[in-house]
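As the structure is a computational prediction, the values presented were derived from the model and not from experiment.
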Amino acid sequence: MTHEPVSLDQALASFDALWSPRIVTRVNDYDVRVAKVEGEHLWHAHDHTDEFFLVLDGELRISLREPGGERTVVLPRGAVFTVPRGTEHKPHAPSGAAILMFEPAGTPTVGDRHDEVPDHVDATTGHPLSG
């Protein structure tokens, strides 16, 4: 990891792949990742960690399966939301979005439990930021 300032706009401009996060920096044992998203991700859950989302551009929706039933939160630009550990969720962005996620290094994008991974979703622990 570099110990230099990182422009999130430049980081996002450096790749086009959807649902394929890039690691922009690390804070202690946590990755700070940015991703471009559009369409649907997949239902999944992280058994051992919460997952933090910040919407940098566009609008992100996250469907949640909670004890009281299913609901969807809508996150406009500038909104943050944390999915509690163990909660099944499915991010989706019908019109596209740019997001920042904060989670322990090595956390897979498809969680510990998930539906079948569609071709458009990159099952990764994040890619280094290049360029």
Side-chain angles (χ1 to χ4, degrees):
M1 286 286 127
T2 179
H3 292 287
E4 295 297 328
V6 175
S7 161
L8 295 180
D9 287 340
Q10 288 178 2
L12 287 161
S14 73
F15 66 97
D16 292 319
L18 297 174
W19 302 110
S20 183
R22 299 304 191 265
I23 301 167
V24 293
T25 192
R26 186 162 282 151
V27 179
N28 297 317
D29 297 329
Y30 281 74
D31 286 339
V32 179
R33 305 173 185 175
V34 293
K36 294 178 179 178
V37 299
E38 188 171 350
E40 297 193 352
H41 196 261
L42 70 152
W43 282 105
H44 67 285
H46 301 276
D47 291 333
H48 306 289
T49 185
D50 299 337
E51 188 171 21
F52 171 88
F53 293 89
L54 163 63
V55 179
L56 301 170
D57 195 27
E59 180 183 272
L60 181 69
R61 300 173 185 182
I62 304 174
S63 296
L64 304 158
R65 290 179 176 154
E66 299 172 312
E70 217 172 275
R71 71 178 174 122
T72 298
V73 295
V74 178
L75 307 174
R77 181 179 185 272
V80 299
F81 184 77
T82 300
V83 176
R85 72 189 67 204
T87 301
E88 283 188 278
H89 60 288
K90 180 173 79 169
H92 46 107
S95 300
I99 61 174
L100 181 143
M101 295 161 290
F102 187 75
E103 53 200 348
T107 300
T109 57
V110 295
D112 301 302
R113 296 176 283 120
H114 56 79
D115 287 348
E116 185 174 337
V117 180
D119 290 340
H120 71 277
V121 171
D122 184 8
T124 179
T125 56
H127 298 284
L129 188 61
S130 58

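Residue Glu66 places its CD atom among more than 12 non-hydrogen atoms of other residues, nucleotides or ligands, all under 6.0 Å distant. Atom CZ of Arg77 sits in a sparse spot, with 12 or fewer heavy atoms from other residues, nucleotides or ligands closer than 6.0 Å. Within 6.0 Å of CG in Asp29 there are 12 or fewer heavy atoms belonging to other residues, nucleotides or ligands.
To the nearest 0.5 Å, the span separating NZ on Lys36 from CG on Asp16 amounts to 4.5 Å. We find the CZ-CG distance between Phe102 and Asp31 to be 9.0 Å, quoted to the nearest 0.5 Å. From Thr87, atom OG1 reaches atom CG of Leu64 across 7.0 Å, with rounding to the nearest 0.5 Å. Atom CD in Glu70 sits 13.0 Å away from atom NE2 in His89 (nearest 0.5 Å). Remark: Glu103 CD to His48 NE2 distance equals 14.0 Å, nearest 0.5 Å. With rounding to the nearest 0.5 angstrom, the CG atom of Asp50 is 10.0 Å from the CZ atom of Phe81.
A heavy-atom distance below 4.5 Å is not found between the side chains of Trp19 and Thr109. By the 4.5 Å heavy-atom criterion applied to side chains, Thr107 and Met101 are not counted as neighbours.
For the pair Ala35 and Pro21, the tightest heavy-atom approach, listed with the atom from each and the gap, is CB-CA, 3.9 Å. Between Ser20 and His127, the shortest heavy-atom distance links the atoms OG-CD2, 3.3 Å. When every heavy atom of His44 is checked against every heavy atom of Pro91, the shortest pair comes out as CE1-CD, 3.8 Å. Nearest approach of Arg22 to Ala17, heavy atoms of both residues: NH2-CB, 4.4 Å. The two atoms that bring Ser14 and Leu129 nearest to each other are OG-CD1, 3.6 Å, heavy atoms only. Shown here for Ala98 and Leu12, the closest heavy-atom pair between the two residues is CB-CD1, 3.8 Å.
Taking hydrophobic clusters as Ile, Leu, Val, Met, Phe, Trp and Tyr residues chained together by side-chain heavy-atom distances below 4.5 Å, Ile99 shares a cluster with Val73. Hydrophobic clustering, with ILVMFWY side chains joined whenever heavy atoms are under 4.5 angstrom apart, groups Phe52 together with Val32. Under a hydrophobic-cluster definition in which Ile, Leu, Val, Met, Phe, Trp and Tyr are linked whenever side-chain heavy atoms come within less than 4.5 Å, directly or via other members, Val6 and Phe15 are assigned to the same cluster. A continuous path of Ile, Leu, Val, Met, Phe, Trp and Tyr side chains, each step under 4.5 Å between heavy atoms, connects Val80 with Val24, placing both in one hydrophobic cluster.
In summary, of the residues considered (Leu60, Leu18, Val55), a side-chain contact (heavy atoms from CB on, under 4.5 Å) with Val37 occurs for Leu60 alone.
Looking only at distances, no side-chain donor or acceptor of Arg61 sits under 3.5 Å from a matching main-chain atom of Glu59.
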With side chain to side chain contact (heavy atoms under 4.5 Å, CB included) as the criterion, how do Leu100 and Val34 come out once you've worked through the C-alpha distance, each side chain's angles and the decisive distance to 0.1 Å?
CA-CA 4 Å; Leu100 181 143; Val34 293; 4.2 Å; yes

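Ring-centre distance between His41 and His92: not below the 6.0 Å cut-off.
Side-chain atoms of Ser63 and Arg65 include no donor-acceptor pair closer than 3.5 Å.
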